[in-house]
Undergrad: 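I'd like to ask some things about the structure below.
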Amino acid sequence: MRWTQTFMPTLRETPADAEIISHKLLLRAGIARKLTGGLYTFLPAGVRVLRKIETIVREEMNRAGALEVLMPALQPPEIWQRSGRYDTASEVFFRVKDRARKEWILGPTHEEVITTMVADELNSYRQFPRNFYQIQTKFRDEIRPRFGLMRAKEFIMKDAYSFDCTDEAAQTSYQKMYDAYSRIFKRCGLQAIPVEADTGVMGGKFSHEFVVPAESGEDEVVYSEGGRYAANVEKAACKPFEPIGTEADAALPIERFATPGVGTIDDLTCEPFGVPAWRQIKTLVYVVESKPILVLLRGDHSLNEAKLTGVLGTAKFRPATADEILELLKAHPGSLGAVGVAHVPVYADEALRNCRGMVTGANEDGWHLRHVVTDRDLSVGRWADLRTVRAGDLCPVTGEPLKLRRAIEVGHVFKLGTKYSIALNALFLDESGKQQPAFMGCYGIGITRTLQAVIEQCHDQDGILWPATIAPYTVCITPLSADPNSQVMQVAEQIYAELGASGVEVLMDDRNERPGVKFKDADLIGFPIRVGIGEKSLANGNVEVKRRGGALTAVKVGEATCAVRELLKGCLANLNLP
RNA sequence: CGGGACGUAGCGUAGCCUGGUAGCGCGUCUGAAUGGGGUUCAGAAGGUCGUGAGUUCAAUUCUCACCGUCCCGACCA
């Protein structure tokens, strides 16, 4: 391709609405343009990158035995009603009406569609296992689209759905996808790491996210230095805490003491009380589907609502209002406690088990209780891991201090179980002629998000550093004259033809621009290899070959093609391709 | 949905406080010189100042409403 024949509008300045580096470069390098918030047009260079990522995804999905299908983007609400997600997922729907004023949904995901298809088509255990995938545009009414392609109203996703006869077989399918994902991201030049994840509203039992560490990421990931443990903070657990207090503490009876003006955990840590936060019991009031509950944590710990969702089995809860709390416990936040509370279900975090000498609110403003023994004085209905892991907590696997960092989620694999197959009647007859629901898994990769995540991870101050596997062009030829009759251009044409003939995706910068402009643009877009051809080096019979971010090497004109292919090999070798 | 910022040419911005119909840089077009890291000079085109209402002799400027964008939070498969 010749630069003048394609359309790669680079921007010298950054559009004001771009915040993170990948968003800025996306626009500056002419990969995409914004139509409006959360909606982008991919320009030719962007489409080339997208197609390359998609090709890698297809190859790896096919290798793993998945079969490509293409489902409708437009979906009937009825299948969502049958799965039960018409209500739980309703906020993300884009709804449209046809001329008969019937409602339709622009698909945010496709579990319902594929399961309906499988329910019709797969009836015998002999037809399993199956894994269907597609690369499709998804529509989600995001609360806040942001960061360019990272969180958009419309985006391209690869989604796959596996169907197995048994839970064990489903585990095998899950593992295949897990392995395929590792290969896919590696081939895209992306350092994506698998972390244990919460299943959220998707339902199911078991899940990993593939994340790209980045400050701009919206996920928070907990990990141990050696890599033995990594989890989304929503899911992350840590080594159990030692119980607070001593046998002597346990012998003391509860004692009420005045705490005028104390409204927070922090207040109580100050003089004259001097009660460290870890000796306090934090009492939270939540309303779950209109019924109140108490949630107890150590004073220095904080609640993880994702974990609470799992324990409660529903996401329909919210913190109680001040009025609701006053009515329920006859006290304001700051003096709340669970001692003697029998009329409200109490959920307590595991870290509070067997703690002695604790302090908690007395359910009377300005009063607290000391010498509380959790197992003696509280009627806990359910002990569970409810706390949010913090940096410095000990790793549940290795015992070393955990670290925390932000990351971009680019892929997610779920083991779903039979939730959708039962709801949508995806049943089959097993060997004994018994009807069974299929065991499902679902597996997503954000294609457009992956593209931007690569930019976020692979760039320098001059622009993008595309991995050779997904670069819009792998080689850019930069003749420093655009005059077709010049020796410079003639040599450029010759190398262009040779590289093209040998199957290299090469771009010829035939624009009549100053050298500086061409160099800047090539760096900005980030072609892995650039061939510079100018009078000076040509006088010695040389052209210059340069890896993006690397050093110039002079090579003889006749050896240029060979040298480029060697460099390209080096680029690919650096990716440690599977 | 709550909080904040912003909306002036394709892009980045000044002007607004203190009202008198708009300026700069980049880009674009023409010409010339130049030609190894966004070169220089000369000329030119390009604006419903987000939309609507109000105040005023007069509104980009002041007031209100709406729309849109971005950020933080809440929320989120």
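The chains referred to below are lettered A, B, ... by the order of the sequence lines, with proteins before strands, and numbering in each begins at 1. Note that the coordinates shown come from a computational prediction; the quantities given were computed from them, not determined experimentally.
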Undergrad: May I have the distance from A:L27 (atom CG) to B:rC11 (atom C1'), rounded to whole angstrom?
TA: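 Checked: the CG to C1' distance equals 11 Å.
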
Undergrad: Taking CZ from A:R318 and P from B:rG2, how many angstroms apart are they, rounded to a whole number?
TA: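 Whole-Å distance recorded here is 18 Å.
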
Undergrad: Students often mix this up, so state it plainly: with edges at 30° and 60°, are the rings of A:Y181 and A:F185 parallel, tilted or perpendicular?
TA: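 Rings of A:Y181 and A:F185: perpendicular, as their planes differ by over 60°.
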
Undergrad: Base, backbone or nothing for each nucleotide of nucleotides 32-44 of chain B, written B, S, -, heavy atoms under 4.0 angstrom, 5' to 3'?
TA: --BBBBBB-----

Undergrad: On a whole-Å scale, what distance lies between the C1' atoms belonging to B:rA9 and B:rA53?
TA: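 27 Å, rounded to whole Å.
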
Undergrad: Give A:E305 one of three labels, base, sugar-phosphate or nothing, depending on what nucleic acid heavy atoms sit under 4.0 Å from its own.
TA: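 The residue A:E305 makes sugar-phosphate contact but no base contact.
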
Undergrad: Can you tell me the distance, in whole Å, between the CD atom of A:E220 and the P atom of B:rG73?
TA: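 To the nearest whole Å, that distance equals 10 Å.
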
Undergrad: Which residue pairs pass the side chain to side chain donor-acceptor pair (under 3.5 Å) test with at least one member in residues 526-545 of chain A, sequence neighbours excluded?
TA: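 Output for this query lists A:N542-A:K556.
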
Undergrad: Evaluate the ring planes of A:F206 and A:Y174, with Trp represented by its six-membered ring, and classify them as parallel (under 30°), tilted (30 to 60°) or perpendicular (over 60°).
TA: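 The arrangement is tilted - the two ring planes meet at 30° to 60°.
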
Undergrad: Applying ring-ring contact (aromatic ring centres under 6.0 Å, His included), name anything that partners A:W80, two or more places apart in sequence or on another chain.
TA: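 A:W80: ring-ring contact (aromatic ring centres under 6.0 Å, His included) contacts with A:F93.
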
Undergrad: Could one point to a donor on the side chain of A:R140 or the base of B:rA77 with an acceptor on the other under 3.5 Å away?
TA: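 Side chain to base: pair found, below 3.5 Å.
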
Undergrad: Ignoring hydrogens and angles, does a donor from either the side chain of A:E13 or the base of B:rG27 sit under 3.5 Å from an acceptor on the other?
TA: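 No.
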
Undergrad: Examine the side chains of A:Q490 and A:Q494 and answer whether a donor and an acceptor come within less than 3.5 Å of each other.
TA: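 There is no such pair between these side chains.
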
Undergrad: What is the separation between atom CD on A:E91 and atom P on B:rA74, rounded to the nearest whole Å?
TA: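 Going from CD in A:E91 over to P in B:rA74 covers 17 Å.
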
Undergrad: Applying ring-ring contact (aromatic ring centres under 6.0 Å, His included), which residue pairs with at least one partner in residues 306-326 of chain A are found, sequence neighbours left out?
TA: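 Output for this query lists A:Y286-A:F317.
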
Undergrad: List in chain and number order the residues that pass ring-ring contact (aromatic ring centres under 6.0 Å, His included) with A:F163, two or more places apart in sequence or in another chain; answer none if no residue qualifies.
TA: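 So A:F163 forms no ring-ring contact (aromatic ring centres under 6.0 Å, His included) with any residue.
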
Undergrad: Within this structure, what is the CZ-to-P distance between A:R33 and B:rG27, rounded to whole angstrom?
TA: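 After rounding, the reported distance stands at 16 Å.
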
Undergrad: Please give, in whole Å, the distance from B:rC76 C1' to A:E409 CD?
TA: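 The distance from CD of A:E409 to C1' of B:rC76 comes to 11 Å, rounded to the nearest Å.
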
Undergrad: Counting only pairs under 3.5 Å, give me each side-chain donor-acceptor contact of residues 473-487 of chain A, with atom names and distances, residues two or more places apart or in other chains.
TA:
from   : atom 1 : to     : atom 2 : distance (Å)
A:T474 : OG1    : A:E505 : O      : 3.1
A:S481 : OG     : A:D483 : N      : 3.0
A:S481 : OG     : A:S486 : OG     : 3.3
A:D483 : OD1    : A:N485 : N      : 2.9
A:S486 : OG     : A:D483 : O      : 2.7
A:S486 : OG     : A:M489 : N      : 3.1

Undergrad: A:R387: what forms a salt bridge (charged side-chain N to carboxylate O under 4.0 Å, His left out) with it, not counting sequence neighbours?
TA: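 A:D393.
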
Undergrad: What pairs with A:R146 under salt bridge (charged side-chain N to carboxylate O under 4.0 Å, His left out), at least two apart in sequence or on another chain?
TA: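 A:R146: salt bridge (charged side-chain N to carboxylate O under 4.0 Å, His left out) contacts with A:E218.
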
Undergrad: Test A:L524 against every option in A:D462, A:I464, A:L25 by the side chain to side chain contact (heavy atoms under 4.5 Å, CB included) rule and name the one that passes.
TA: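 By the side chain to side chain contact (heavy atoms under 4.5 Å, CB included) criterion, A:L524 pairs with just one of A:D462, A:I464, A:L25: A:L25.
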
Undergrad: Can you pull every protein N or O that's under 3.5 Å from an N or O on nucleotides 7-9 of chain B?
TA:
none

Undergrad: Pairs counted as Watson-Crick or G-U wobble with both distances under 3.5 Å: what dot-bracket string results for RNA chain B, using | for bases tied to another strand?
TA: (((((((..((((......[..)))).((((((.....)))))).....(((((..]....))))))))))))....

Undergrad: Starting at CZ of A:R151 and ending at C1' of B:rC72, how long is that distance when rounded to a whole Å?
TA: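 The answer, rounded to whole Å, is 15 Å.
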
Undergrad: Which atom pairs link the protein and nucleotides 65-71 of chain B when you take only N or O atoms and keep those under 3.5 Å?
TA:
from   : atom 1 : to     : atom 2 : distance (Å)
B:rU69 : OP1    : A:T36  : OG1    : 3.2
B:rU69 : OP1    : A:G37  : N      : 3.3
B:rU69 : O3'    : A:K34  : NZ     : 3.1
B:rC71 : OP2    : A:R144 : NH1    : 3.3

Undergrad: Is B:rU13 in the syn or the anti form, by the rule that syn lies within 90° of 0?
TA: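 With its glycosidic angle more than 90° from zero, B:rU13 counts as anti.
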
Undergrad: Mind jotting down which residue pairs meet the salt bridge (Lys or Arg N to Asp or Glu O under 4.0 Å) criterion with at least one end in residues 5-20 of chain A? Sequence neighbours excluded, please.
TA: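 Of all non-adjacent pairs touching residues 5-20 of chain A, those that pass salt bridge (Lys or Arg N to Asp or Glu O under 4.0 Å) are A:D17-A:K34.
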
Undergrad: From CD1 of A:I445 over to C1' of B:rA77, roughly how many Å is that when rounded to an integer?
TA: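 Rounded to the whole Å, the gap is 16 Å.
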
Undergrad: Judged by each residue's nearest nucleotide on RNA chain B, which is more toward the 5′ side, A:W80 or A:P15?
TA: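 So the residue in question is A:P15.
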
